[in-house]
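Letters A, B, ... are given to chains in the order of the sequence lines, protein chains preceding strands, and every chain is numbered from 1. In this text the structure is predicted, and so the values were computed from the model without any measurement.
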Number of protein chains: 2
Amino acid sequence: MGEKKQQFREFLSRQGLKSTRQREIILDEFLRGDSHLSTEDLYLKLRKKNPGIGYATVYRTLKLFSECGIAEVRNFGDGQTRYESTTCEEHHDHLICKACGAIIEFEDPRIEELQEQVAKDHGFAIVSHRLEIFGHCAKCLYK
Amino acid sequence: MGEKKQQFREFLSRQGLKSTRQREIILDEFLRGDSHLSTEDLYLKLRKKNPGIGYATVYRTLKLFSECGIAEVRNFGDGQTRYESTTCEEHHDHLICKACGAIIEFEDPRIEELQEQVAKDHGFAIVSHRLEIFGHCAKCLYK
DNA sequence: CCATCAATTGAAATTGGTTTTCAATTTAAC
DNA sequence: GTTAAATTGAAAACCAATTTCAATTGATGG
């Protein structure tokens with residue numbers, strides 16, 4: 001995870017921004033935690049150990065993470081913005097259980113490939129995409 | 001489009017709701033307009049001909065449309081909720097231009113098929129899905 | 001046709017997530 | 001250290017969406 005911290009520090013200095021105690025704390029907690037954290041979730045976790053940290057700072061810092069490329073913004077339709085730590089792995093998509101809220105990651109290069117084809121057919125250049133499948137997970141189906 | 005109006009009327013009476021002047025007006029405008037209208041867009045269009053119609057009524061009525069099945073909710077990440085008139089056609093997905101905001105529909109049964117496979121592999125039962133590809137459309141690429 | 005009563009409406013207030021403001025504080029550079 | 005610019009936290013502002021509420025309208029049964 002050290003490389004992520006490095007990446008963030010470089011981003012800050014490149015942008016003429018400052019490295020602060022709060023930003024370090026938030027980054028540590030962000031990298032430690034589950035992925036698919038909502039801003040609220042992260043804020044609450046942070047508050048336990050660091051009562052002083054403000055709501056606004058968490059929002060601002062998460063936004064920096066996504067600008068810097070160490071986090072990606074997700075939006076699953078429950079008016080909460082979520083940030084997911086970017087991995088070095090392949091891009092992945094999500095299965096989302098409507099019953100229990102579970103979020104399952106998957107990746108399928110064949111789907112990606114077909115997307116490229118579709119885009120090409122429309123003279124469209126892909127920058128990013130998202131695929132979300134909503135339904136019921138195995139656990140919820142059998143109880 | 002008469003069948004959509006029929007469908008809505010039946011929905012209303014089934015639910016013990018009433019058919020009103022406003023609901024008729026909003027439905028007419030909704031069916032006439034472009035798809036992918038934001039609530040705001042529709043409200044503004046309506047105001048031109050019907051100054052009396054309230055914001056809340058448009059919100060409430062669009063929600064009814066989606067409950068009734070004649071509209072689908074879309075969310076493209078610009079904090080605006082959009083409603084799309086459901087067609088009898090196949091499910092479709094979207095290419096969204098980050099430069100000009102153009103929304104291009106497409107459908108690809110091969111992608112749908114692969115999604116089914118992925119879900120099956122995870123013991124997951126699909127209820128719905130959405131696939132959005134962001135990038136730059138042909139027009140914006142060549143200017 | 002009309003009385004009745006529940007549903008609907010529009011305006012305004014409220015909500016909930018997010019962003020901005022601002023004075024005080026902290027950081028990086030000199 | 002001094003200094004200038006960035007950052008912080010609390011509170012206020014924001015904005016789409018929802019809810020409240022009194023007045024109005026639509027459907028139903030007499």
Side-chain angles (χ1 to χ4, degrees), chain A residues 5 8-30 36-68 71-83, chain B residues 5 8-30 36-68 71-83:
Chain A
K5 299 181 79 166
F8 186 52
R9 284 206 199 89
E10 280 166 18
F11 169 81
L12 289 177
S13 86
R14 200 164 52 242
Q15 304 279 320
L17 305 177
K18 291 172 179 171
S19 176
T20 67
R21 194 177 57 83
Q22 288 89 337
R23 286 176 179 165
E24 289 290 326
I25 291 173
I26 295 172
L27 180 53
D28 280 342
E29 191 61 48
F30 176 70
H36 312 115
L37 276 167
S38 71
T39 312
E40 175 83 14
D41 291 340
L42 186 57
Y43 172 70
L44 292 175
K45 284 181 91 174
L46 282 164
R47 285 300 290 237
K48 287 188 186 162
K49 298 177 194 166
N50 312 82
I53 276 185
Y55 223 98
T57 303
V58 179
Y59 272 97
R60 287 187 279 232
T61 306
L62 282 171
K63 198 173 244 181
L64 286 178
F65 291 172
S66 84
E67 285 165 23
C68 150
E72 267 179 74
V73 183
R74 303 274 176 204
N75 227 297
F76 293 143
D78 60 345
Q80 295 247 130
T81 301
R82 288 165 197 282
Y83 288 85
Chain B
K5 300 181 76 166
F8 186 52
R9 285 206 199 89
E10 279 166 19
F11 169 81
L12 289 178
S13 86
R14 200 164 51 240
Q15 303 280 318
L17 305 178
K18 290 173 181 171
S19 177
T20 67
R21 194 177 56 82
Q22 289 90 336
R23 286 178 178 163
E24 289 289 326
I25 292 173
I26 295 173
L27 180 53
D28 281 341
E29 191 61 48
F30 176 70
H36 311 116
L37 276 165
S38 71
T39 312
E40 174 83 14
D41 291 341
L42 186 57
Y43 172 69
L44 291 176
K45 284 180 92 175
L46 282 164
R47 284 302 288 236
K48 287 186 187 163
K49 297 178 194 166
N50 311 83
I53 276 185
Y55 223 97
T57 303
V58 179
Y59 273 96
R60 287 187 279 232
T61 305
L62 282 172
K63 199 171 242 181
L64 286 178
F65 291 172
S66 85
E67 285 164 23
C68 150
E72 266 180 74
V73 182
R74 303 274 177 203
N75 227 298
F76 292 142
D78 60 344
Q80 295 249 127
T81 301
R82 288 164 197 284
Y83 287 86

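Summary of the strand contacts: A:G54 and A:G16 both lie near DNA chain D, and taking for each the nucleotide with the nearest heavy atom, the more 5' one is attributed to A:G16.
Whole-Å rounding puts the A:L17 CG to D:dT7 C1' distance at 10 Å. Put simply, CG on B:L42 is 15 Å from C1' on D:dA16, counting in whole angstrom units. When rounded to the nearest whole Å, the span between CD1 of B:I25 and C1' of C:dT9 equals 12 Å. One can place CD1 of B:I26 at 11 Å from C1' of C:dT8, the figure rounded to the nearest angstrom. For the pair B:L12 CG and D:dA27 P, the interatomic distance rounds to 10 Å; values are reported in whole Å. Summarising the geometry, the separation between CD1 on B:I53 and C1' on D:dT24 is reported as 15 Å, rounded to the nearest angstrom. The nearest whole Å value for the distance from the CG atom in B:L64 to the P atom in C:dA7 is 13 Å. Going from atom CZ of B:F8 over to atom C1' of C:dT8 covers 12 Å, rounded to whole Å.
When the options A:L62, A:L46, A:I26 are evaluated for a side chain to side chain contact (heavy atoms under 4.5 Å, CB included) with A:T57, the one that passes is A:I26.
Taking the six-membered ring for Trp, A:F65 and A:F30 have ring centres closer than 6.0 Å.
Taking OH of B:Y83 as the start and CG of B:N75 as the end, the distance is 9.5 Å to the nearest 0.5 Å. Within the model, atoms CZ of B:R23 and NZ of B:K5 stand 15.0 Å from one another, a figure rounded to the nearest 0.5 Å. Taking CD of A:E40 as the reference point, atom CZ of A:R82 lies at 10.5 Å (rounded to 0.5 Å). From B:H36, atom NE2 reaches atom CG of B:D41 across 12.0 Å, with rounding to the nearest 0.5 Å.
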Taking only nitrogen or oxygen atoms into account, show me every contact under 3.5 Å that the protein makes with nucleotides 25-27 of chain C, one pair per line with its distance.
| unit_1 | atom_1 | unit_2 | atom_2 | d |
| --- | --- | --- | --- | --- |
| C:dT27 | O3' | A:S19 | O | 3.3 |
| C:dT27 | O2 | A:K18 | NZ | 2.8 |

List the steps, then state whether side-chain contact (heavy atoms from CB on, under 4.5 Å) holds for B:E24 with B:R9. CA-CA 9 Å; B:E24 289 289 326; B:R9 285 206 199 89; 3.4 Å; yes

Step by step, work out the salt bridge (Lys or Arg N to Asp or Glu O under 4.0 Å) result for B:R47 and B:E29. CA-CA 11 Å; B:R47 284 302 288 236; B:E29 191 61 48; over 6 Å; no

I need a per-nucleotide contact map over nucleotides 14-21 of chain C, read 5' to 3'. Cutoff is protein heavy atoms under 4.0 Å; write B for the base, S for backbone only, - otherwise. ---SBBBB

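Under 4.0 angstrom from either OP1 or OP2 of C:dT9 there lies at least one side-chain N or O belonging to B:R23.
Pairing each heavy atom of A:G54 with each of A:Y43, the nearest pair is C-CE1, 3.8 Å.
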